[in-house]
Amino acid sequence: MTKLRKLNRPTGHRISMLRTMVSQLVKHERIETTVAKAKEVRRLADNMVQLGKEGTLCAARRAAAFVRGDDVIHKLFTELAYRYKDRAGGYTRVLRTRIRVGDAAPMAYIEFIDRENELRQSKPPAPQPPQRPALDPWTRSQLSRSFAPPKEIKSSEPED
């Protein structure tokens, strides 16, 4: 596992908490938590969706070693993998909501994008820029000289 925020907890408690939060996020598709925890859950949830998109036996075993519940594994490898099959990444969104009464911790919703009843609509995919034809090296060098400003020649004598 990669470097994570410590979240003011011992290692076992922290990993257990993050595993549970990722499982609940997959199950309910939106949870409310603190901003720091949401940022960590986002990293791990995106990795789990990526494993679901792979769809191999190895990916299923790796996901089963992390998330809790057979229904969560099934949802990862069927529903979420199908929903995000054309998306390259960024499957979750963190929306800051309020300041928690009691300890003034900043709270946030973390949710999957492209689903029903989402809090904010996802942006449409950016159109791909048109492909330019490849230029041969001679033409490319001529074009770069025509657009580049002329080089200034520095004189070695100081001006007085």
Discussion item. Does Ser16 form a side-chain contact (heavy atoms from CB on, under 4.5 Å) with Arg68? I'd like the steps, not just the answer.
Written reply: CA-CA 10 Å; Ser16 177; Arg68 303 173 191 265; 3.0 Å; yes

Discussion item. Checking Met48 against Leu25 for the side-chain contact (heavy atoms from CB on, under 4.5 Å) test, could you report, in this order, the C-alpha distance in whole Å, the side-chain angles of both residues, the deciding distance, and whether it holds?
Written reply: CA-CA 11 Å; Met48 291 299 115; Leu25 176 64; over 6 Å; no

Discussion item. Assess the residue pair Leu76 and Val49 against the criterion (side-chain contact (heavy atoms from CB on, under 4.5 Å)); give the C-alpha distance rounded to whole Å, side-chain angles, the decisive distance to 0.1 Å, and a yes or no.
Written reply: CA-CA 6 Å; Leu76 267 175; Val49 172; 4.2 Å; yes

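Shown here is Asp103, whose CG atom has more than 12 heavy atoms of other residues, nucleotides or ligands within 6.0 Å. Summarising the local packing, CZ of Arg61 is surrounded by 12 or fewer heavy atoms from other residues, nucleotides or ligands at distances under 6.0 Å. No more than 12 heavy atoms of other residues, nucleotides or ligands lie within 6.0 Å of CZ in Arg96, so this atom counts as exposed by the packing criterion.
Expressed to the nearest 0.5 Å, how far CD of Glu111 lies from CZ of Arg30 amounts to 5.0 Å. With values rounded to the nearest 0.5 angstrom, Ile15 atom CD1 is found 11.5 Å from Thr20 atom OG1. To the nearest 0.5 Å, the span separating OG1 on Thr34 from CE on Met107 amounts to 6.5 Å. One distance of note links CE of Met17 with OG1 of Thr33; it measures 7.0 Å at 0.5 Å rounding. Annotation: the span from Asp46 atom CG to Tyr91 atom OH amounts to 7.0 Å, rounded to 0.5 Å.
Look at Glu40 and Arg43 and you find a salt bridge, because one of the NZ, NE, NH1 or NH2 atoms lies within 4.0 Å of a carboxylate O, short of that distance. Using a 4.0 Å cut-off between charged nitrogen and carboxylate oxygen, Arg100 and Glu32 do not count as a salt-bridge pair. Salt-bridge annotation for Arg83 and Glu29: present, with a side-chain N of the basic residue lying under 4.0 Å from a carboxylate O of the acidic one.
Closest approach of Gly52 to Ala81, counting heavy atoms only: O-CB, 3.3 Å. When all heavy atoms of Phe77 and Ala60 are compared, the pair lying nearest together is CZ-CA, 3.3 Å. Across all non-hydrogen atoms, the minimal contact from Lys37 to Arg9 is NZ-NH2, 3.5 Å. Of all non-hydrogen atoms in Ala108 and Thr97, the two that sit nearest each other are N-OG1, 3.8 Å. Heavy atoms only, all atoms of each residue included: Pro106 and Ile99 are closest at CA-CD1, 4.0 Å.
Judged by distance alone, the side chain of Lys27 and the main-chain N or O of Asp71 form no donor-acceptor pair under 3.5 Å.
Side-chain N/O atoms of Gln50 and Tyr84 include no donor and acceptor closer than 3.5 Å.
There is a path of hydrophobic side-chain contacts, each under 4.5 Å, that joins Leu7 to Met21.
Using a 4.5 Å heavy-atom threshold, the side chains of Leu51 and Phe66 count as separate.
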